[in-house]
Amino acid sequence: MSVLVPILVFALVTLVAAYFRARLPIYIVATLAALGIAWILGASATASIVLLAITALIGALLLIAPIRKALITKPFLSFYTRILPPLSETERVALEAGTVAFEGQLFSGKPDWNVLLSQPKPILTAEEQAFLDGPVEEVCRMTNDWEVTHIRADLPPEVWDYLKRNKFFGMIVPKEYGGLGFTALANHKVIQKLASISTVLSSTVGVPNSLGPAELLLHYGTQEQKDYYLPRLAVGHEVPCFGLTGPWAGSDATSIPDYGVVCKGEWKGEQVLGVKLTFDKRYITLAPVSTLIGLAFRMYDPDGLMGDRADIGITIALLPRDTKGVDIGRRHFPLNSPFQNGPIQGREVFIPLSQLLGGQKYAGKGWTMLVECLSIGRSITLPSTAAGGARLAALVTGAYARIRKQFGTSIGHFEGVEEALANIAGLAYTTSALAEASAAAVTRGELPAVPSTISKYHCTEMGRRVAQHAMDIHGGKGIILGPRNYLGRAWQAAPVAITVEGANIMTRTLMIFGQGAILCHPWVLKEMKAVAIEDPKQRLDAFDESLFGHIGMAISNGVRSLWLGLTNAALVGAPGDSFTRPYFKKMNRYSAALSLVADISMSLMGGKLKFKEHLSGRLGDVLSQLYISSAMLKRYQDQGSPVADQPLLAWSLQNSFYELEKSFDKALRNYPAAWAAGLLRLLVLPLGRRARFPSDTLTHQISQMMMVPNEARSRLGEGVFLTPCENNPAGRINSYLEAAVAAEATERKFLKALKKHDIEALSFNTQLDEGVREGWISAEERAQLEHLREITIETISVDDFDSEELRSAGYAELMAKLGERTAHAA
Ligand SMILES: Cc1cc2nc3c(=O)[nH]c(=O)nc-3n(C[C@H](O)[C@H](O)[C@H](O)COP(=O)(O)OP(=O)(O)OC[C@H]3O[C@@H](n4cnc5c(N)ncnc54)[C@H](O)[C@@H]3O)c2cc1C
């Protein structure tokens, strides 16, 4: 027994020190003291002496720098150099392009929540709010999405004109250049609202304010280029597009075969030095109407006219549309969401060097420029579009599910529908918090490389799920296209958002964890930088500085993960009130587990980890769910912790944790190294998966919340276009909800009377007449039922057309051509 005591004391002090991350000298002193006391109190002398000696040895090894460096750091350094992922130039640029803020805490295993909760609450300026309430509201009112998507396959001229006059294309252009100079938060709110009426409208406005000539000019343009182009872009005199993608280079954008050769040529009547461009681009948004093309190409200088580098690298040109040799104007047709999008080709198109973005100085730096700016646009346009669509879908589907009745009751009262409706509500709550978080990060001046990929991927995926559930609940009403259909086009357009700005599969499996594990990890990037130092002594010293912090953190995370897993994080400290604290506690646990699995995986697989996309995708999911949950908790705090929102927040967090544990489970079940899988499962999920999907009670509660006017529902619908005007069928249906709910008691009374009495009348109106005559309902109640009938008809009605109306414009000519071809073939 007395032999066991020193061992237990040693183990306990070690575990406690690891859990609380005690500094090494404190750990050594505490262990020596505890063992000494145990010995004095009668524990085995031999065991105590052996353990005292081991502790002293550990202290000497780790605390005496020359011994430590020679015996531990050096072998680790050579191991690390062997496993270090060989970074391509593209990856190096991507890694160096982003900043790291709160998300870094999620990789620490012991997040300092204050870093999150002390971020300023995102607020619009009075001018930005007035823009949302004025021009944005007005342009939403003006836009008839059916006319846009079916009849014109374009925005009408008056909408284009309104957008340009009101500087919608110049939201990010500073005021000194004639733009609106809005924050990223305002950009997010504008896109969110526009998307709720028409995705053609939101993408038309989104692109000029996202990655493209304006953003790039702001960061890298020469003064002359800024002075000339920015004022023109701000008011729509120039319509920009950005051409990177081509048939041979999609996701692998750095492999573009488009090239420009440095040579002399004629420009505006003079012989100047420039580049001759040959390119083939496709899928370029706004290209058909664009006047200024930001063109990415690889620049070569075989004759050494600019210097001694023959392959200069990826470069960006500002190519005016009317430049000789540019072939532009044809359109692609992206899934019945006909925003302007099309190919651009050019052969031997000459432009002077002054048309290179940033001038000669930035020749060859195109990829760095793109990656540095990418996280800004990616944080805003697509997440905001998804948030706008999801918020609108939550409100209108709630109203529809209440007004539409089958089997004598609102369809939203059936448990099957309830489940789909709760998913819509929870995912809309989640998407909107996430989109706001990434926009707020840009507003704070960050370049949120990792949050932008999380936001882009998850908002668009959740947006697609919301659209799917909304379609299911609407049944045929969602399927029959026409002016009354507010869902079909959003459903069709969902894959567009999934594909652009980094296609989602690659974003999930390659980028989120791939960048997160290096950029956000407290030590890995420092170690990688240390390894790259040329001087051997400085390299060893720099590596030594990071290594022990890293090892200490990894040990601590193992202990924390196990303990917090066993106790379900019940005993750990966390911020928040009685409602949010339990969630923060669980996130402490997940953070420790993520960091642990990331460390073990990087040590075991090194550079090969990036090819293990199953694992990388699943760990990316864990990181994402932690970030998403943080975004929701932060917004809840910013909104003043409204009690009314608690069911929505609870559903969303529980869903998030459920997904998170599922991803851990899948990752560990399929872990590439079997022995490590067992150990990691013990440390990460010691009692198996404990997070449960939101209960049926909670599901019922939030689905019911969507079907009756209330504070939480209104807050969820904030920032979307709900005005019940002619062009907004969704807004109109939403506006009927209150009256529909108020009329239900009368409706029940009337239906009961109809069942009970012998009724002769067959039509609704004559039944009402009889009801009033017989005294079952009053005249006011009759009026109420008539109104209910009207709004129900308006809610459930769909469109129908003459065959002629559904035919393409130019049908006769097309048929004639087809006839010619058929005759020819025969
Ligand atoms: C409507 C629309 C608008 C667009 N607008 C523009 C624009 O304005 N400017 C512009 O330059 N480009 C634009 N694009 C291009 C867009 O960014 C690309 O479509 C996108 O990068 C994907 O390229 P791809 O379509 O060729 O797919 P591919 O690269 O062929 O990818 C196909 C699938 O393979 C997956 N994949 C590829 N590599 C990996 C990997 N390493 N790991 C895992 N999965 C992988 C992808 O995720 C995707 O699911 C637009 C595209 C569309 C459809």
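Quantities reported herein were computed from a predicted structural model and do not represent experimental measurements. We use all heavy atoms of the structure for the numbers below, so side chains are in, but hydrogens, waters and symmetry mates are not.
In this structure, CG in Leu679 is found 7.5 Å from CG in Leu596, a value given to the nearest 0.5 Å. Rounding to the nearest 0.5 Å gives a distance of 11.5 Å between CH2 of Trp523 and OG of Ser595. Put simply, NZ on Lys586 and CG on Leu660 are 12.0 Å apart, with the number rounded to the nearest 0.5 Å. Atoms CZ and CG, from Arg589 and Leu594 in turn, are 12.5 Å apart once rounded to the nearest 0.5 Å. Taking CD1 from Ile702 and OH from Tyr429, the interatomic distance works out to 10.5 Å, rounded to the nearest 0.5 Å. Note: Thr381 OG1 to Glu501 CD = 5.5 Å, rounded to the nearest 0.5 Å.
In this structure, Trp651 and Phe693 have perpendicular ring planes: the angle between them is above 60°, well past the 30° mark.
Side-chain contact, Asn557 with Arg21: a donor N or O sits under 3.5 Å from an acceptor N or O. With no hydrogens or angles considered, no side-chain donor-acceptor pair links Lys585 and Asn568 at under 3.5 Å. Side-chain atoms of Asp577 and Thr580 form a donor-acceptor pair, as typed in the model, at a separation below 3.5 Å. Asn710 and Arg715 share no side-chain donor-acceptor pair at under 3.5 Å. No donor-acceptor contact under 3.5 angstrom links the side chains of His413 and Glu418, judged on distance only. Residues Tyr27 and Thr14 bring a donor and an acceptor atom of their side chains to less than 3.5 Å of each other. If you check the side chains of Ser452 and Ser375, you find no donor sitting under 3.5 Å from an acceptor. Checking Thr430 against Asn655 by side-chain atom types alone, no donor-acceptor pair falls below 3.5 Å. A donor-acceptor contact closer than 3.5 angstrom is absent between the side chains of Thr99 and Glu446. Between the side chains of Thr509 and Glu613, at least one donor-acceptor pair of N or O atoms lies under 3.5 Å.
Annotation: side chain of Ile411 is in contact with side chain of Tyr400 (closest heavy-atom distance under 4.5 Å). Pro647 has its side chain within reach of Leu698: a pair of non-hydrogen atoms, C-beta onward, lies under 4.5 Å apart. Contact annotation: the side chain of Val16 never approaches that of Val559 to less than 4.5 Å [non-hydrogen atoms, C-beta and beyond]. Put simply, the side chain of Arg713 does not reach to within 4.5 Å of the side chain of Leu648, judged on heavy atoms. For the pair Asn588/Trp113, a side-chain contact is recorded, criterion being any heavy-atom separation below 4.5 Å from C-beta on. In this structure, Arg444 and Gln119 have side chains that are in contact, with non-hydrogen atoms separated by less than 4.5 Å. Considering only heavy atoms from C-beta on, Arg581 stays 4.5 Å or farther from Pro575 through its side chain. Residues Trp563 and Leu571 are in side-chain contact: their nearest non-hydrogen atoms beyond the backbone lie under 4.5 Å apart.
Here the shortest heavy-atom pairing between Leu427 and Thr431 reads O-OG1, 2.5 Å. Contact record, Met632 with Ser652: SD-CB, 3.3 Å, taken as the closest heavy-atom pair. Shortest non-hydrogen contact noted between Ala435 and His188 is CB-CE1, 3.8 Å. Scanning all heavy atoms of the two residues, the minimum distance from Leu615 to Ser601 falls at CD2-OG, 4.0 Å. Closest approach of Thr453 and Thr507 over heavy atoms only: O-CG2, 3.8 Å. Smallest separation of non-hydrogen atoms from Gln639 and Pro642: O-CD, 3.7 Å.
Across Lys189, Lys634, Lys121, a single residue satisfies salt bridge (Lys or Arg N to Asp or Glu O under 4.0 Å) together with Glu436, and that is Lys189. Of the residues Tyr627, Phe107, Phe657, the one that meets the ring pair (Phe, Tyr, Trp, His ring centres under 6.0 Å) test with Tyr590 is Phe657.
Salt-bridge annotation for Glu461 and Arg465: absent, with no side-chain N of the basic residue lying under 4.0 Å from a carboxylate O of the acidic one. Salt bridge Arg391/Glu718: absent, no basic N to carboxylate O contact under 4.0 Å. In summary, Lys662 and Asp621 do not engage in a salt bridge, as defined by a charged side-chain N under 4.0 Å from a carboxylate O. Using a 4.0 Å cut-off between charged nitrogen and carboxylate oxygen, Glu545 and Lys526 do not count as a salt-bridge pair.
Contacts of His469 classified as side-chain contact (heavy atoms from CB on, under 4.5 Å), with partners at least two apart in sequence or in another chain: Ala420, Asn423, Ile424. In this view, Tyr671 satisfies the ring pair (Phe, Tyr, Trp, His ring centres under 6.0 Å) rule with no residue, not counting sequence neighbours.
Thr460 places a side-chain N or O within 3.5 Å of a backbone atom of Lys456 that can act as its donor or acceptor partner. Between the side chain of Ser455 and the main chain of Ser438, no donor-acceptor pair closer than 3.5 Å is present. Of the possible donor and acceptor atoms, one in the side chain of Glu128 sits under 3.5 Å from a partner among the backbone N and O of Thr183. Side-chain atoms of Gln105 come within 3.5 Å of backbone atoms of Asp112 as a donor-acceptor pair (strictly under, hydrogens ignored). Checked by atom type and distance alone, the side chain of Arg508 never pairs as donor or acceptor with a backbone atom of Gly620 at under 3.5 Å. Using modelled atom types, one side-chain atom of Gln637 and one backbone atom of Leu117 make a donor-acceptor pair closer than 3.5 Å. In this structure, the side chain of Thr443 engages the main chain of Ala439 through a donor-acceptor pair within 3.5 Å. Looking only at distances, a side-chain donor or acceptor of Ser118 sits under 3.5 Å from a matching main-chain atom of Asn114. Checked by atom type and distance alone, the side chain of His474 pairs as donor or acceptor with a backbone atom of Ala470 at under 3.5 Å. The closest donor-acceptor contact from the side chain of Arg560 to the backbone of Gly109 lies under 3.5 Å.
Surrounding CG of Asp696 are at most 12 heavy atoms belonging to other residues, nucleotides or ligands under 6.0 Å away. In this structure, Gln129 places its CD atom where more than 12 heavy-atom neighbours from other residues, nucleotides or ligands lie under 6.0 Å away. Counting non-hydrogen atoms of other residues, nucleotides and ligands closer than 6.0 Å to CD of Glu744 gives a total above 12.
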_Worked verdict on Leu525 versus Val100 for side-chain contact (heavy atoms from CB on, under 4.5 Å)_ = CA-CA 11 Å; Leu525 196 55; Val100 177; over 6 Å; no

_Derivation and outcome, side chain to side chain donor-acceptor pair (under 3.5 Å), residues Ser656 and Gln625_ = CA-CA 6 Å; Ser656 216; Gln625 295 302 346; 2.6 Å; yes

